[in-house]
Every structure is written in structure tokens, then in C-alpha cells.
Amino acid sequence: MTTRTDPADRDGVSVGGSLVERLIAAQFPRWAGLPVREVRSSGTDNAMHRLGGDMVVRLPRTADAAGQVAAEQRWLPHLAPHLPLEVPMPLGAGVPGEGYGHSWSVYRWIDGENLFDRPLSGGGLLDAAAGLGRFLAALHRVDTAGAPRSSRGGPPGTADDEVRAAIRDLGADGRHDAEAATAAWEAALRAPRWQGAPVWLHGDLLPGNLLGRGGRLTAVIDFGLVGTGDPACDVMAAWTLLTAASRGAFREAAGVDEATWARGRGWALRFGLTAEHYYRGGRNPVLAAIGHRAAAEAVADHHCG
């Protein structure tokens, strides 16, 4: 989920098709003249444009997002051969130019529809749950020598103040039961911390970063937060995407222990509550909806468990 409908980044630099054409012509002349067309989504960090029929140009909108480019370029080719689902493959590394101030990338295009726009259900969702669990189990086995730390590699409680503020405001708005959300959050904070070696993380397993074709999960995209740490962050997919009926298949395939499951629920609460709090009121309806769903599922799961 890496583009906005607004064609300018937060620094006011145009990231439209004409910029992409100039950058490609200057830095990758072998691809000059290929058709360029915008890829629209609800993400906030990157603009994307199709390049020809089988490539996509990804341009960060902010310095923070630009800082993720080198990690994706370096580590996706290392990770991809070990993973059972398709992931983006870098084809070119761009540098600032043509009035654009950030590093950028060209990737191979992956066909599919994201699972927010085209949700899976029934047997398709159950298969996706198991498939995503196997993906995480494989990701966590990949050698981490030299790997960077993910910004989401710690416990969920490092954002305690922000989560409690979100609970207070969303409770006052009637969007969540503040008492139930607080109880679920405090239970997550009591979960034992990760004692194992850091493992690889995707860091942002939201429905918009998962692609499907033919009613099946086929790809995982947007590795901007890739790095190592506590595996709990990626476990939040159990609540951002899955249902009570499909979580067990995900957990079994991923091999998640009780404490990591509890911290993962905490990450779903942290992401869900703070995302809904920030994006509500029309700022980004898709991310607000994903956040609301994640938090509501995590609260309900805590109280049912």
C-alpha cells in the first residue's frame, strides 16, 4: 500500500508520470519510451507507476521512505529464494535526479489484486492463512547475518502512551469499548518478551500488502520495514487479515508459541488503534478501516480466549 491519489509528495515534489519518464530516460535509457501509468492505492509512503508490461517504478514520497530503498534492494534478493510466495524483485536502483531528491527503485511487476480490494473468504481464506503461516516460518529461518534491525522489531509496549491516547479518544467517539480495549492492551503488555535470536520480519503484513489471484494468496509486497527482531509484529496478520475460524491454521503453520501470539495480538492492537486514531475522519479511509478491524478483532479475540 504505497501510493496516494495526491500526485505530490510531502515536500511538494511532483511524482507523476512525467517525472518517471524523465528519470527512466536519464538513468535507464534501455527502458526509455515504454508506457508509464500510475498505480493507485491507499498507501502513504510511495508512488508507483507501471513501466511497460512487466515492471513497476516505486518512488518514495518522504525521506523516511527513501531510507528504506537500500534495505529492499540489498535484502530482497537474499530472501526471495527461501520463500514460498512471490516477493518483489529489484531490477534497477535509481538515484536522485530530474528535480526529484530521493533514491528509488524499479521492480518486476507482480500480477494480482490486494486482499483489501479483493478479500478472500471461506476455503480461500483458510488456505491463505496456512500459506501465510508457512511464509513466515520460512522467513524466520533465513540467515540473518548482517541484517538490519526492523523498526518494528521490538515489543508492542514501546508505544504505550500513543495506544492509550488512541483508546481514550476512540472510546469517546464510540468507535471502541475503551474498557475492553484497555484490558486487552494490558494483557498484551504482560506477555513475556522474546528471548530468542532476532528473526527476519516483513514488518507490515496488512491486507494491502498481500496479493491474490484466482482466489488464492500468491504474493507478499512492500518490504519497506524489512529487518530483524521479535517475530510478534508479523503475527499481527492474524487480526489484520484473518478471522477467528482461520487463525488456527495460520498459527499452526507459522509455529507460534503462546507468548508470541499474545505479543502479536498486542501489535494488532498497537497498529490498529493508532492507525484508526490517525487516519479517521477522512484522512485515509482505507487505513482507518484496516486499523479499526484489526483492533476490534484483537479485542474480541482476547475476551473470547
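If you're wondering where the values come from, they're calculated on a predicted model, not measured in any experiment.
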L205 vs M236 side-chain heavy atoms within contact, under 4.5 Å: no
Close side-chain approach of R263 to V235, heavy-atom, < 4.5 Å: no
R164 side-chain N/O to I167 backbone N/O, donor-acceptor pair under 3.5 Å: no
Under 3.5 Å donor-acceptor, W104 side chain and V95 backbone: yes
Parallel, tilted or perpendicular: ring planes of W261 versus F250, cut at 30 and 60 degrees: tilted
Co-membership, hydrophobic cluster, residues V69 and Y100, 4.5 Å side-chain: no
Pairing of R193 and D230 as salt bridge, 4.0 angstrom limit: no
Side chain R293, main chain I290, donor-acceptor under 3.5 Å: no
Beyond-backbone contact of V226 with L79, side-chain heavy atoms, under 4.5 angstrom: yes
V36 and I24, any side-chain heavy atoms less than 4.5 Å apart: no
Side chain T240, main chain A294, donor-acceptor under 3.5 Å: no
Distance-only donor-acceptor check, side chains D160 and W185, under 3.5 Å: yes
Donor-acceptor contact present, side-chain R149 to main-chain G227, <3.5 Å: no
Non-hydrogen side-chain atoms of E297 and L242 separated by less than 4.5 Å: no
hydrophobic_cluster_shared for W75 and V220, side chain cutoff 4.5 Å: yes
salt_bridge(D127, R216) N-O dist < 4.0 Å: yes
Value rounded to 0.5 Å, distance of NE2 in H303 from CG in D177: 7.0 Å
W200 side-chain N/O to R141 backbone N/O, donor-acceptor pair under 3.5 Å: no
ILVMFWY cluster, V163 and Y278 together (side-chain gap under 4.5 Å): no
Test item: P207 and N114 side chains (from C-beta on) under 4.5 Å apart, heavy atoms: no
V56 to M48 - nearest heavy-atom pair and separation: CG2-CB, 4.0 Å
Pair V199-L139, side chain to side chain contact (heavy atoms under 4.5 Å, CB included): steps then yes or no: CA-CA 8 Å; V199 299; L139 180 63; over 6 Å; no
R270 side chain to P156 backbone, donor-acceptor under 3.5 Å: yes
hydrophobic_cluster_shared for V299 and W239, side chain cutoff 4.5 Å: no
Check: D222 side chain, N209 main-chain N or O, donor-acceptor pair, under 3.5 Å: no
